[in-house]
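Naming: A, B, ... by sequence-line order, numbering from 1 per chain.
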Number of protein chains: 2
Amino acid sequence: MPQRTKKPGASRIRSAAFQRIRADHSSELAEDYVELIADLIDEKGEARGSDVAMRLGVANATVVKTLKRLQDAGLVTQEPYRSIFLTGEGWKMAEDGRKKHKIVEAFLLALGVSEKTARIDSEGIEHHVSDETLRAMARFLARKVM
Amino acid sequence: MPQRTKKPGASRIRSAAFQRIRADHSSELAEDYVELIADLIDEKGEARGSDVAMRLGVANATVVKTLKRLQDAGLVTQEPYRSIFLTGEGWKMAEDGRKKHKIVEAFLLALGVSEKTARIDSEGIEHHVSDETLRAMARFLARKVM
DNA sequence: CGCAAAGTTTAGCATTGGCTAAACCCTTTG
DNA sequence: CAAAGGGTTTAGCCAATGCTAAACTTTGCG
Ligand SMILES: [Mn+2]
Ligand SMILES: [Mn+2]
Ligand SMILES: [Mn+2]
Ligand SMILES: [Mn+2]
C-alpha cells in the first residue's frame with residue numbers, strides 16, 4: 001500500500017459541525033418563509049407573494065419559485081394569483097420558529113445589544129442554535145428577570 | 001391606478017436583516033475554508049485538499065472546485081497535486097475568523113452549554129454575529145472571569 | 001527503474017436560490 | 001362591460017455547492 005493511509009476517526013467527528021451547518025442551511029429558508037407568511041396572515045389577514053418578496057428583499061419571481069418548493073414539501077398551499085396559506089405542518093414550523101426566534105432575540109437584548117442589532121443578528125443566529133443552547137439562553141433570561 | 005399601491009418604506013427596513021443573512025452566507029464558506037486551511041498548516045505543516053474535504057465532510061471534487069473560487073478571490077494559492085497555501089489576505093481572514101470563532105465558542109461555554117455543543121453551534125453562529133454582538137459576548141466573558 | 005495503487009483532478013450532472021424580461025391574468029374604472 | 005394597467009407568473013439565465021465516475025499524476029516498493 002503506497003502512500004499514507006487515512007484514519008478517518010478524528011476527522012469524521014470534526015466534520016459533524018459542518019454537516020450540521022449544511023443541514024441548518026437547507027432548512028433555514030423554509031423556516032423564514034413560513035414564519036414570515038404566518039406574520040403576514042396575523043398582521044394583514046392574508047399573505048401575498050409580493051409582500052413576502054418585499055420583506056425578504058428579493059424579486060417576486062424568486063418567491064414564486066421558492067413557494068413551489070415549499071408546496072412540494074407540504075408546508076404551504078396556494079393557487080395562482082391567490083394569497084398563500086400554511087398547512088398544519090407549516091403552522092407548526094412557523095410557531096416553533098417564532099418561539100426560538102423570540103428567545104434568541106430577547107437573549108441578545110438581555111446581553112446588552114441594541115434593538116436593531118438584536119433584530120438583525122437573531123434572524124441569522126436562530127437557525128444555528130441547538131436545543132441545548134436555546135435552553136441555556138432561556139435560563140439566562142430567567143435569571144436576568146429575577 | 002387600479003389595485004392597491006405599495007409603500008415600500010417599512011418593508012425595506014425589515015428586509016435589511018434578510019439581506020445581511022444572504023451576505024453572511026456568501027462569505028461563510030470562504031471563512032471556514034481559510035480557517036481550516038490555517039489550522040491544517042499549523043497542525044501538520046501543510047494543508048492538502050483531501051484533508052480539507054475530510055474535515056468538512058464533503059467530496060474531494062467539491063473542495064477542488066471551491067478552492068478554485070477561493071484562488072480567484074485571492075485567498076489561496078495552489079498548484080495541481082500540491083498542497084494549499086494562504087495568501088496574505090487569506091491569512092488575515094483566517095486570523096479574524098479564528099478570533100471571532102474563539103470568542104463565540106468561549107461565550108457558549110460560559111453560558112453553560114457542553115463542549116460538544118459549543119463546538120458545533122459556534123461553527124454556524126460565528127458567521128451571523130455582528131461586531132456589536134461580539135463585543136457584548138466579550139464583555140460577558142470578561143465579567144464572568146472576574 | 002518501473003508499475004500499480006493511492007491520491008487528485010476533470011467531466012458531467014443536479015439542486016438551490018438569485019435575477020430580468022416577457023407573458024399573462026385580474027380588477028378597477030371609464 | 002370592456003380595456004387598461006398593475007400585480008403575478010413564466011421563461012430563461014447565472015452562480016454556488018454538492019455528488020459520482022472516469023481520467024490523470026505521483027509515489028512507494030519490488
Ligand atoms: Mn425566524
Ligand atoms: Mn431567520
Ligand atoms: Mn470559524
Ligand atoms: Mn464556521
Side-chain angles (χ1 to χ4, degrees), chain A residues 1-8 11 15 18-34 36-37 40 44 46-73 75-76 78-84 124 127, chain B residues 1-8 11 15 18-33 36-37 40 44 46-73 75-76 78-85 124 127:
Chain A
M1 68 194 76
Q3 281 172 315
R4 181 175 0 173
T5 0
K6 288 286 167 49
K7 339 166 262 183
S11 289
S15 70
F18 293 108
Q19 298 181 304
R20 238 280 307 279
I21 287 184
R22 289 195 295 276
D24 290 343
H25 282 160
S26 74
S27 46
E28 182 164 348
L29 199 72
E31 286 166 21
D32 284 338
Y33 264 75
V34 296
L36 186 43
I37 290 164
L40 285 167
K44 332 183 132 190
E46 65 166 359
R48 297 189 308 152
S50 55
D51 291 332
V52 173
M54 207 176 317
R55 291 224 184 158
L56 289 177
V58 300
N60 250 301
T62 300
V63 170
V64 171
K65 203 183 281 189
T66 303
L67 285 174
K68 230 161 254 158
R69 287 203 310 277
L70 297 187
Q71 191 173 32
D72 291 346
L75 294 169
V76 311
Q78 49 170 354
E79 277 163 286
Y81 299 98
R82 284 280 136 83
S83 65
I84 307 151
H127 307 282
Chain B
M1 64 191 81
Q3 282 172 317
R4 184 175 359 176
T5 359
K6 289 285 167 48
K7 344 168 258 185
S11 289
S15 70
F18 294 107
Q19 297 181 304
R20 239 280 306 279
I21 287 184
R22 289 195 294 275
D24 290 344
H25 283 160
S26 75
S27 47
E28 182 163 349
L29 200 72
E31 286 165 21
D32 284 340
Y33 265 75
L36 187 43
I37 291 165
L40 286 165
K44 332 184 132 188
E46 66 166 356
R48 297 190 305 151
S50 54
D51 290 331
V52 174
M54 207 175 318
R55 292 225 184 159
L56 289 177
V58 299
N60 249 300
T62 300
V63 170
V64 171
K65 204 182 282 190
T66 304
L67 285 175
K68 229 161 257 158
R69 286 203 308 277
L70 297 187
Q71 191 173 31
D72 291 346
L75 295 168
V76 310
Q78 50 171 353
E79 276 163 288
Y81 299 97
R82 285 280 137 84
S83 64
I84 308 150
F85 298 92
H127 307 282

K.L.:
Write down the atom of A:Glu28, the atom of B:Ile21, and the distance for their closest heavy-atom approach.
P.N.:
OE2-CG2, 3.7 Å

K.L.:
If I take atom CZ in residue A:Arg82 and atom C1' in nucleotide D:dT9, what distance separates them, rounded to the nearest angstrom?
P.N.:
14 Å

K.L.:
Rounding to a whole Å, what distance do you find between B:Lys68:NZ and D:dA15:C1'?
P.N.:
15 Å

K.L.:
Can you check whether A:Arg48 has a side-chain N or O nearer than 4.0 Å to OP1 or OP2 of D:dT8?
P.N.:
yes

K.L.:
Between atom CD in B:Gln19 and atom P in C:dG18, what is the gap in whole Å?
P.N.:
11 Å

K.L.:
D:dG18 C1' sits how many Å from B:Leu29 CG, rounded?
P.N.:
11 Å

K.L.:
At under 4.0 Å, does any side-chain N or O of A:Ser50 touch on OP1 or OP2 of D:dT8?
P.N.:
yes

K.L.:
Provide, to the nearest angstrom, the distance between the CG atom belonging to A:Asp32 and the P atom belonging to C:dG18.
P.N.:
10 Å

K.L.:
In whole angstrom, what separates B:Leu70's CG from D:dA16's C1'?
P.N.:
12 Å

K.L.:
Measure CD/A:Glu46 against P/D:dG7 and give the value in whole Å, please.
P.N.:
14 Å

K.L.:
Please step through side-chain contact (heavy atoms from CB on, under 4.5 Å) for the pair A:Lys68 and A:Lys65, ending with a clear verdict.
P.N.:
CA-CA 5 Å; A:Lys68 230 161 254 158; A:Lys65 203 183 281 189; 5.7 Å; no

K.L.:
With A:Ile84, which of A:Val76, A:Asp51, A:Leu70, A:Val34 fulfils side-chain contact (heavy atoms from CB on, under 4.5 Å)?
P.N.:
A:Val76

K.L.:
I need the CD-C1' distance between B:Glu79 and C:dT8, as an integer number of Å.
P.N.:
14 Å

K.L.:
Between protein and nucleotides 19-23 of chain C, what N or O pairs are separated by less than 3.5 Å?
P.N.:
unit_1, atom_1, unit_2, atom_2, d
C:dC19, OP2, A:Ala59, N, 2.7
C:dC19, OP2, A:Thr62, OG1, 2.9

